[in-house]
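Just so we're clear, the structure is a prediction, and the values are computed from it rather than from any experiment.
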Amino acid sequence: MQDIKQRLEKLRVDAEECQLISRLATDPVKRNAFAQLADEYRKMARDLEALIASGNIPGDLGI
């Protein structure tokens, strides 16, 4: 369970870092790419939070 919580925290941190890079990027293509990546990390974090809340965590999440 601790591994899952660490993974959740890493997803949150990665999302924030991508969002920061997006805000700092001067190239619109890179800005958009990092913003989309941040959104994906946030979605993965929400999905993992839902799994943790449900208590229905598979034995091997591949993480």
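In summary, of the residues considered (Leu51, Asp3, Leu48), a side chain to side chain contact (heavy atoms under 4.5 Å, CB included) with Leu8 occurs for Leu48 alone.
Hydrophobic clustering of Ile, Leu, Val, Met, Phe, Trp and Tyr side chains at less than 4.5 Å, counting indirect connections, unites Ile52 with Met44.
Between Ala38 and Ala15, the shortest heavy-atom contact is CB-O, 3.5 Å.
With sequence neighbours left out, the salt bridge (charged side-chain N to carboxylate O under 4.0 Å, His left out) criterion links Glu16 to no other residue. In this structure Lys10 satisfies the side chain to side chain contact (heavy atoms under 4.5 Å, CB included) test together with Arg7, Asp14, sequence neighbours excluded.
For the atom pair SG (Cys18) and CD (Gln36), the distance works out to 11.5 Å, reported to the nearest 0.5 Å. To the nearest 0.5 Å, atom CG of residue Leu37 and atom CD of residue Gln19 are 10.0 Å apart.
Sorted by first and then second residue, the salt bridge (Lys or Arg N to Asp or Glu O under 4.0 Å) pairs involving residues 33-43 (not counting sequence neighbours) are Asp39-Arg42, Lys43-Asp47.
In the hydrophobic clustering, where aliphatic and aromatic side chains (Ile, Leu, Val, Met, Phe, Trp, Tyr) are joined below 4.5 Å either directly or transitively, Leu24 groups with Leu20.
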In a table with atom names and distances, give each donor-acceptor pair under 3.5 Å that connects a side chain of residues 26-34 to protein atoms at least two apart or in another chain.
unit_1 : atom_1 : unit_2 : atom_2 : d
Asp27  : OD1    : Val29  : N      : 2.8
Arg31  : NE     : Ala25  : O      : 3.3
Arg31  : NH2    : Ala25  : O      : 3.2
Arg31  : NH2    : Thr26  : O      : 3.2

